[in-house]
Structure formats: structure tokens, C-alpha cells
Amino acid sequence: MRLEGVELRRVRMPLVSPFRTSFGTQTARDILLLRAVTPAGEGWGECVAMADPLYSSEYVEATADVLRRFLLPALGAAPDALARHGAPAVASVLSPIKGHRMAKAALEMAVLDAELRAAGRSWARELGAVHDRVPSGVSVGIFDSVAQLLDVVGGYLAAGYVRIKLKIEPGWDLEPVRAVRERYGDGVPLQVDANTAYTLRDARHLARLDEFGLLLIEQPLEEEDVLGHAALARQIATPVCLDESIVSAQTAAAAITLGACSIINIKPGRVGGYLEAVRIHDLAAAHGLAVWCGGMVETGLGRAANAALGALPGFTLPGDISASDRFYATDVTEPLGIVDGHMTVPTGPGLGVTPIPEVLDEVTTSVEWLPL
Ligand code: OSB
Ligand code: MG
């Protein structure tokens with residue numbers, strides 16, 4: 001594999017409806033896409049960083065900056081490693097540069113996609129997928145009223161989603177969960193995600209969620225409060241799942257050992273790439289923990305890759321792998337749909353989906369070519 005350069009393409013995609021979480025409300029997604037160009041063809045990467053550093057310290061402008069200033073020059077200086085080892089060389093070549101996992105993940109994704117497309121191999125086969133379709137869960141934002149929430153949840157259940165995740169925050173937790181249970185019953189697989197909105201002082205309040213039989217509570221406390229999560233896990237019956245706190249296989253190992261979580265939400269962008277994501281999957285499986293594939297409001301590119309990852313054997317809970325139309329009226333790829341509550345894992349070369357040039361041009365706000 002020889003990389004000639006990478007095109008950075010910023011796109012702006014309006015959301016079908018505002019998406020409100022404990023850290024803010026989004027009405028559009030500002031995304032950095034990467035196109036890796038090699039003599040054997042191209043590959044696509046999608047950076048999951050958001051416009052503002054509210055979910056994680058990374059943000060889209062910073063990811064473009066670090067790619068331009070440090071990551072691409074570092075990769076350009078190591079052509080032999082890339083030629084010899086291909087995509088797995090990306091993480092090792094970039095390892096002296098601290099942090100910036102979402103930017104690194106996007107670059108590794110683009111290189112791996114180029115490599116797999118050229119070889120005619122699928123993302124699913126490369127990662128070790130064992131299913132040809134994955135159950136589809138949906139992440140539901142915070143609303144002004146419970147009545148609105150119930151309508152939206154009803155729509156997703158009617159569309160076939162097999163699991164509902166409610167975003168929660170102080171003041172929007174017991175009441176919406178109770179309302180969904182009362183309206184749609186105890187049989188609906190239901191979980192909540194706080195995106196770090198609570199502290200350990202809220203433990204007794206959070207224990208009141210126990211009666212609702214939730215699959216899990218995701219990231220109730222702040223990112224670095226691993227010990228707090230371990231203490232909370234001893235005080236509530238709902239299984240604690242970590243998202244923001246898990247940034248690598250190493251942090252996953254520590255969290256597991258400390259008893260901070262019994263379930264992990266794996267997001268490849270957050271942990272530095274799909275290859276590290278597979279390592280976390282393997283680690284969790286070795287410890288008997290369930291994992292599921294999270295989402296970052298990706299386009300069809302990221303969602304296709306997530307569906308393949310979610311088809312590994314240890315992904316035993318439904319992921320945030322919703323259809324294109326959950327967030328976007330028009331996706332940049334062919335729309336990914338769900339049938340009987342499942343998304344089909346793409347089998348074509350690489351990601352198995354490709355941006356549609358006219359759609360891509362329509363949503364593009366800037367393009368920058370960075371030769372290696
Ligand atoms: O915490 O899982 C999260 C979206 C953006 C940032 C963080 C999160 C989310 C979601 C959306 O919950 C999941 C999706 O992409 O469907
Ligand atoms: Mg989350």
C-alpha cells in the first residue's frame with residue numbers, strides 16, 4: 001500500500017429533527033470525511049468528532065488541524081511501514097502523537113478501506129463478522145414534553161427498532177422512562193444514556209431507575225470518574241455501561257478490573273479506530289462482558305462500518321445502528337435501511353458503500369487536498 005495523499009472534505013448535513021442530549025442540541029451534523037488516494041484506488045474514512053468539544057475533547061476543526069499538521073506528515077514519513085504492514089501500521093506510526101483518537105481513527109479507516117477495496121475484501125470479513133445482519137437500536141433525544149417523546153418512540157417501534165435508548169439528564173429521567181414503560185410495556189428492550197450528566201451524589205436517585213428493568217445505564221458520571229462508576233455500580237441494580245470513559249483497550253481493561261462497568265459501548269472513533277475496537281471486543285469477551293456498537297450520528301460510510309463491527313460474536317446487545325433516515329433525509333451513500341429491525345451487513349469490497357458524487361457535492365462545504 002502506497003498513499004499518494006488524502007482529501008479532507010467537510011460536509012454539512014441537516015438532521016431530520018433536532019437531536020437533544022444532556023450536552024446540547026444539534027440540528028445539523030458538520031462532518032469531516034477523508035478520501036485516501038493510492039495507486040490501486042481510493043478509500044473513505046469518516047471522522048466522528050462533532051463541531052464542539054462537548055461529547056469529547058476532540059472537535060471537527062481540531063481533527064482537521066491535527067491531520068494536516070501532524071498525522072499526515074507522520075504517515076508520509078513512514079512509507080516503508082505502510083508498504084509492509086498496510087492499515088495496521090497507521091496506529092503504530094501515529095502512536096508518538098498523543099491523543100486525537102478520532103482523527104487517527106478516521107485516517108486508519110480511510111487507509112483500511114482503500115486496502116480492502118483494492119483487495120476485494122469486505123470490512124466484515126476483515127474484522128471477523130459472524131452475522132449477516134445486526135439488530136438495530138435507536139437513540140432517542142430529550143424532548144420538551146413526555147407526550148412528544150411517546151409519539152417519537154411509538155414511531156420507532158412501528159418502524160421495527162428492536163431496542164430504544166432514551167437520552168436522560170437531571171430533570172428528565174424517571175418520568176420519561178416510566179411513561180415509556182407504561183405506554184409500551186415491560187417487553188420493550190430499553191436503556192438510558194446520561195452522557196456524564198450526573199455525579200455520585202445522585203446514586204440514590206439513579207437507583208430509582210432500578211424498578212424499570214433497563215438493559216443498562218450508559219455513562220452516568222464524568223469521563224474520568226472511573227472509580228465513581230465502580231462505586232455507583234455497587235449501589236444500583238441497573239448494569240452500568242461506559243461510553244466516554246473507554247478510550248482504548250487499556251482503559252477498558254482498567255474499568256473492567258475496577259468493576260466500573262459490566263457492559264461497554266464500543267465506538268471505533270472514540271478508541272482510535274476499528275482495529276482497536278476489535279481488541280476491546282476481544283478483551284470484553286475474555287472477561288465475559290457484553291459489548292454493543294455505539295453511534296456518532298454517522299453518514300452511511302460510518303454506519304456501514306459499524307454494522308460490520310456489530311456483527312462480531314461478542315456484540316450481544318443491539319447497537320445504535322439505526323437507518324439512514326433516523327438522522328438524514330438524504331444520506332451521502334445509498335440509504336441504509338432496516339428490515340425486521342435489522343440492518344444488513346454490507347458484503348462488497350471495503351466498506352461496501354460509496355458516496356454518491358452528486359449528493360456529496362451538494363453537502364460539501366470545503367475540500368482540501370493534502371499530498372503525502
Ligand atoms: O453518547 O452515544 C452517545 C450521538 C452523538 C454523541 C454521543 C452519542 C450519540 C448517540 C447517537 O447517542 C447514536 C447514533 O448515532 O445513533
Ligand atoms: Mg453514549
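For this chain, numbers begin at 1 and follow the sequence in order. Worth knowing before you read on, the calculation uses all heavy atoms, side chains too, and leaves out hydrogens, waters and symmetry mates. Both counts, for ligands and for their atoms, begin at 1 and track the order of listing. Values in this document were obtained by computation on a predicted structure and should not be read as measured data.
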Do [X] and [Y] touch side chain to side chain, with heavy atoms closer than 4.5 Å?
X: K267; Y: D243; value: yes
X: L166; Y: L190; value: yes
X: R117; Y: L351; value: yes

Give a yes or no on whether a salt bridge exists between [X] and [Y], defined as a side-chain N under 4.0 angstrom from a carboxylate O.
X: R178; Y: E175; result: no
X: R10; Y: E368; result: no
X: D113; Y: R35; result: no
X: D320; Y: R163; result: yes

Near ligand 1, which residues have a heavy atom under 4.0 Å away from one of its atoms?
F19, F23, M50, Y55, S139, K165, K167, D193, N195, E218, D243, K267, G295, M296, V297, R303, D320, S322, F327
Test side chain to side chain donor-acceptor pair (under 3.5 Å) on R326 and Y156; report intermediate values, then the result.
CA-CA 9 Å; R326 156 68 183 92; Y156 291 136; 3.2 Å; yes
Which N, O or S atoms belonging to the protein are less than 2.8 Å from the Mg ion (ligand 2)?
D193 OD2, E218 OE2, D243 OD2
Same apolar cluster: V11 and V60, side chain cutoff 4.5 Å:
no
